[in-house]
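Okay, so here's the structure we're looking at.
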Amino acid sequence: MKKKSKLNPTIFVIFGGTGDLNKRKLAPALYNLFTEGYMPEKFSIIGTGRTKFTDEKYQQVILENVNEFSRNGKVKDDSWKEFGTNVHYSSTDVTVPETFEGLKTDIEKYQKEFGPETQVIFYLAVAPNFFPLIAECLCKYKLTENEDNSRIVIEKPFGHDLETAKELNLLLSKIFTEKQIYRIDHYLGKETVQNMMAFRFANSLFEPLWNRNYIEHIQISVTEQLGVGERGGYYEGAGALRDMIQNHLLQLLCLVGMEAPISFDANEIRDRKVEVLRAMRPFKPEEISTNAVRGQYSKGWVEGKEVPGYRHENGVDPHSNTESFAAVKFFIDNWRWQGIPFYLRTGKRLNQTSSIITIQFKDVPHHIFSSRATETWQQNRLIISIQPEMSIRLQVQAKRPGVKMVLNPVDMVFDYKGTYDTDTPEAYETLLLDAMNGDQTLFMRGDQVEAAWELVMPIINTWESKKSLNFPNYPADSWGPEEAEALIARDGFHWFTLPLKDKE
Ligand code: BG6
């Protein structure tokens, strides 16, 4: 029998109801939440957009989207029938405030039908230049006044730089209270990323070692095989620092670097995370060239197919100065992490799609084994693999079986696939459910977003003001520019990768 959710009746308004994010992520996530019994008993999903659709036509569109993109494959007839009747459409042009009149009428209709407890969630899955317009219209039409029952979910990018992020925060704070604002970073909804909290704070084993006394350095590497594809227009104004490091990678760094929270309360956790960002060493302009590397891909071959260089992608300037790769060495200036480098790297069109965090421990203080016994010697490492493999590996030295004392590194592995037979929800399923539950733990608070922008702004400013003379500087299907290897090799380390079982 299907589980029954205790959630209050919910109206889910999606701005960008005909857009790509809704098609690929939101609609399938809502449907999967429904089939698994997590949706409220009474709910209504209202897609909005400029196109004119009847409810029936829109339901058809959403059905096709779910069939194409749901992790569970095609819908089941009976559950779709039940779900589909809750899907509606309200034609709204966010640049024409009067069109919010119709949306308000639709919302009020369901509010009346569902009762006074009904909550309304406005999801802004549109280009960021529409965020202020929509927020202002919601305010004008008094759709956000009940702070317990109305929420706004904002997609990234949250601002284009520190200044615009501050402006957006200021504008939102005039209309909403912070507890109504849900700034999405979908990495925080990933199963393995959430597990980092459990791993660190539900085990007593690691915490005593989790500091500068035992850890030598940390790497956070999010590499992608795909290029910018059809998103060249957006990416050209963003680049790898804005697109990935300012948000996803710095959030991962916060989870690795944070102090232990006193409870699992959303603000307590977000306080601990923002402390990490505040403790990070700011860059002086003259330090950037030794601590940060940028790259841009040229054409190459990926799995037997020729792929264009970044400058030849749709929507990209043929002389573009935008980086499709970035590697940065950060420090956290506090008692726990003083002097320990955190190397972050991300890029498109790299050799492998993989997100891993590697924690390398210091070497043993004294070697007792002969050099013959230790030819493959390797310091202990903890590797948290976020995707595509979902695992945590502890690499230790062990004696190889045989009559001689020969050591080699072995992995102690916790692998999701081998341990659990339940499916992993998509990040958006977790995050949408949290938004309906009013749980902000996995969402970014305003001060967090600003602290992250503040940290990366000196690099962005330097890179934008000085055009790179060697772009493009890495071929598609490589590991990025040579300078990125040099950045870490100067300190005696190298970037780790996991051998992929099934190359994506
Ligand atoms: C998005 C970026 O936020 O994250 C994309 O805008 C990137 O450029 C994507 O490809 C990566 O997300 P995931 O979940 O595929 O690792």
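Atoms within a ligand are numbered from 1 in the order they appear, just like the ligands themselves. Atoms considered below: every heavy atom in the structure, side chains included; atoms not considered: hydrogens, waters and symmetry mates.
The 4.0 Å heavy-atom shell around ligand 1 contains residues K156, H186, Y187, K190, E224, R231, D243, M244, H248, K348, Q387, ordered by chain and number.
Pairs engaging residues 454-466 under the side-chain hydrogen bond (donor to acceptor under 3.5 Å, both in side chains) rule: R242-E464 [sequence neighbours left out].
F131 meets the ring pair (Phe, Tyr, Trp, His ring centres under 6.0 Å) test with no other residue; sequence neighbours excluded. Residues passing the side-chain contact (heavy atoms from CB on, under 4.5 Å) test with A327 are V293, F325, R345, A484, L487, W495, sequence neighbours excluded.
Between F330 and F342, the distance separating the two ring centers is not shorter than 6.0 angstrom.
Of the listed residues (I460, V449, L241, D161), just one forms a side chain to side chain contact (heavy atoms under 4.5 Å, CB included) with Q246, and that residue is V449.
The main-chain N or O of I332 is never found under 3.5 Å from a side-chain atom of R281 such that the two would form a donor-acceptor pair.
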